[in-house]
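The structure appears below as structure tokens.
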Number of protein chains: 2
Amino acid sequence: MKLETKRPLTLRDVSEASGVSEMTVSRVLRNRGDVSDATRARVLAAAKALGYVPNKIAGALASNRVNLVAVVIPSLSNMVFPEVLTGINQVLEDTELQPIVAVTDYMPEKEEKVLYEMLSWRPSGVIIAGLEHSDACRAMLKAAGIPVVEIMDTDGTPVDSMVGISHRRAGREMAQAILKAGYRQIGFMGTKMPLDHRARKRFEGFTEVLAKNGVEIQDRAFYSGGSALAKGREMTQAMMERSPDLDFLYYSNDMIGAGGLLFLLDQGIDVPGQIGLAGFNGVELLQGLPCKLATMDACRLEIGRKAAEIIAARLSEPPVDTETAITLTPTIAFGDTLRRR
Amino acid sequence: MKLETKRPLTLRDVSEASGVSEMTVSRVLRNRGDVSDATRARVLAAAKALGYVPNKIAGALASNRVNLVAVVIPSLSNMVFPEVLTGINQVLEDTELQPIVAVTDYMPEKEEKVLYEMLSWRPSGVIIAGLEHSDACRAMLKAAGIPVVEIMDTDGTPVDSMVGISHRRAGREMAQAILKAGYRQIGFMGTKMPLDHRARKRFEGFTEVLAKNGVEIQDRAFYSGGSALAKGREMTQAMMERSPDLDFLYYSNDMIGAGGLLFLLDQGIDVPGQIGLAGFNGVELLQGLPCKLATMDACRLEIGRKAAEIIAARLSEPPVDTETAITLTPTIAFGDTLRRR
DNA sequence: TTGAAAGCGCTAACAA
DNA sequence: TTGTTAGCGCTTTCAA
């Protein structure tokens, strides 16, 4: 039995079809309050027969509860953020909460715009990548009066709470491992992204440790766009021609590092003897390469999960207090491209 | 000047702060109707000073317009769907529409559940992966009375409209190219996913053409979980040991194909002389490998864009009629692993 | 256990 | 150009 109109069904339709008040229908559909089994059965039957789908818009307005979690990330175009989203999804799946995602393309103005739009849905919480936001964004986040988790990075002060790793420390530790292994002529390759603060912090931590040890980056190159693997290949070739004395290459992400590694192996160059390599992210891809690139896990899935758990805890009834800073500590995966000394 | 209460601001607050009626404030904030410049300025100033963020929940209920597009996809864990999402985002960015995404993990029951939840937000349109849905899903989609675009696949009948490629044809064409190149001892490797209908259709098209030519798949292997690149490596090794006479390996995706390729190159095997290879998807990654895997583009970005364009067109005022079936036609990229004859 | 009334914050429609 | 009224579909609150 289906209504012929195109107007979406309302509670009233179910109420009329079942001969039960709207209020009781609402109770049945939300499993709230006491409803007799007989009534419940009639209502459910009617709802199913009609094909009724509740209207969350109206429900949210009436109850002043919007079970949405706004997720603001810079990009979808490498596996980093999809993996974070997977972590968020995994946790929110078991709750009433549902993520809504917006992408900023690493542009502060766009971040401001999408955050405003997300907040106008009056979400119950926000998960947002990074600690660097415009004043306007920070003001909006504070004014929203909802749990906010800033993710990926913990080098800074959160508006509310944060989950991530210290990218500065990641850079420092990698530098220490490289120096300890005896490499001294170091080249760096990364993305041309002044607004990727996390890459910047890794680089800062990296050069800081080098400097303390009297070592300086010998050569550097940046790319944008294109296949990261291919770019890694090209840049590595160019850099090795330009600076043949280099004995280590540090890449800002695993994909370009893998490209560089494949190039060097092609050339028959001894890795890690003649030259060592390291990337960043700990991408699964590396497991399939002929030789494993040294890297450091960015803890993407775990960050997504923890962030979602914080939001869920803070919104639970009664609310659970959570830590305001969770710093995950990745360790170096030496792989086959960085001597362990 | 900031209110001290935690209660979110409403139009009424802006109205009082600016001395203008709520209705006029609403008009200003939506750039609707005629408002004097003076009034507009006062309202905007007040809204900004207060930090007012409109409530879309209330707006949507009152106007009966919800500018959300529900996007239902099976997975986020390889680059396929994030790329589709990027295409959707690119197009919707220039409209009032905003995507909300849900993931089904290739599980029909979950598809039913998330579709129901999405529809309860009363979105203005739906983009959903695949043509295979439960009766309940199809019923919901029809009853919603909104534009629905089924994406990725065009081998079947859509509820409303579809954008994608013919996976059966993709399989057939690859089989033809392989046979034409003179390969006859063919092995197949893919994911253990009975519910990935697109992979299944490619396989069916593939074997159909082989059969017509009196050729049969000699060996096959399936995997699940883990790093696809590593799995490709392992499976290829195992298969070559088991069936050393094979002269072609067809992979259901590029990542396992790339793993296989790297393995064979490691072994010093002549590709494509002794053995040919092909994958599917046209992933950017391939560009960086020492030798390019033959593949076929799945047109991911384009599918996302076209689907979003259809939704946008159908929702525009006045609505624009669109095609109900857009079949993109990928061509084979022979790369370096499939002889071109 | 059920129902009636009021109202969430906004916008459509109409009036001034 | 601005304001008033009614009501979107649901839930809260209170009464029966």
Side-chain angles (χ1 to χ4, degrees), chain A residues 3 5-44 46-47 50 52-67 96 117 119-124 144 317, chain B residues 3 5-44 46-47 50 52-67 96 117 119-124 144 317:
Chain A
L3 278 183
T5 73
K6 247 346 186 179
R7 165 182 65 78
L9 296 162
T10 67
L11 265 190
R12 166 168 225 105
D13 296 309
V14 181
S15 164
E16 285 169 0
S18 62
V20 172
S21 78
E22 282 185 48
M23 196 50 236
T24 300
V25 172
S26 168
R27 281 192 269 251
V28 170
L29 264 24
R30 286 176 298 143
N31 292 311
R32 284 294 206 80
D34 295 323
V35 181
S36 71
D37 286 349
T39 310
R40 169 179 310 278
R42 284 172 60 199
V43 168
L44 289 176
L50 293 169
Y52 172 71
V53 177
N55 185 330
K56 285 199 187 188
I57 296 276
L61 182 63
S63 66
N64 197 25
R65 262 191 297 271
V66 185
N67 288 326
E96 298 282 73
E117 287 184 352
L119 290 179
S120 65
W121 289 106
R122 297 282 188 274
S124 297
E317 208 56 64
Chain B
L3 279 183
T5 74
K6 251 337 187 185
R7 167 182 65 79
L9 297 163
T10 67
L11 266 189
R12 164 169 229 106
D13 296 309
V14 181
S15 167
E16 283 169 1
S18 61
V20 172
S21 78
E22 282 184 48
M23 197 53 231
T24 300
V25 172
S26 168
R27 281 193 268 252
V28 170
L29 265 22
R30 286 178 298 146
N31 292 310
R32 286 296 204 78
D34 294 323
V35 180
S36 72
D37 287 349
T39 309
R40 170 180 309 278
R42 283 172 59 198
V43 169
L44 289 176
L50 293 170
Y52 172 70
V53 176
N55 185 329
K56 285 199 190 192
I57 296 277
L61 183 63
S63 66
N64 197 26
R65 263 192 296 271
V66 184
N67 288 326
E96 300 282 70
E117 285 184 354
L119 290 179
S120 65
W121 289 107
R122 296 282 187 276
S124 297
E317 209 52 69

Item to check | Under-4.0 Å side-chain N/O to phosphate OP1/OP2 contact, B:Ser36 with D:dT2 | outcome: yes
Item to check | Gap between atoms CG and C1', on B:Asp13 and C:dC10 respectively (whole Å) | outcome: 13 Å
Next on the checklist: What's B:Arg27 touching, base or sugar-phosphate or nothing? Going by heavy atoms closer than 4.0 Å.
Outcome noted: base
Checklist outcome for this item: Side-chain atoms of A:Tyr52 come closest, of D:dC10, C:dG3, C:dA12, to D:dC10
Item to check | Minimum-distance nucleotide (side-chain atoms of B:Leu11 versus C:dT2, C:dG3, C:dC10) | outcome: C:dC10
Checklist outcome for this item: Rounded to whole Å, the CG-P distance (A:Leu61 to D:dC10) equals 12 Å
Next on the checklist: I'd like to know whether CD of B:Glu16 has more than 12 heavy-atom contacts from other residues, nucleotides or ligands below 6.0 angstrom.
Outcome noted: yes
Item to check | A:Ser26 side chain, from C-beta outward: closest of C:dG9, D:dT11, C:dA12 | outcome: D:dT11
Checklist entry - Is B:Asn64 touching bases, backbone alone, or none of the nucleic acid, heavy atoms closer than 4.0 Å? => result nothing
Item to check | Length of the line joining B:Arg32:CZ and D:dT1:P, which is rounded to integer Å | outcome: 16 Å
Item to check | Gap between atoms CZ and P, on A:Arg122 and C:dC10 respectively (whole Å) | outcome: 7 Å
Item to check | Polar contact flag, side-chain donor to acceptor under 3.5 angstrom, A:Arg30-A:Ser26 | outcome: yes
Item to check | Distance in angstrom units between B:Met23 CE and D:dG7 P, rounded | outcome: 16 Å
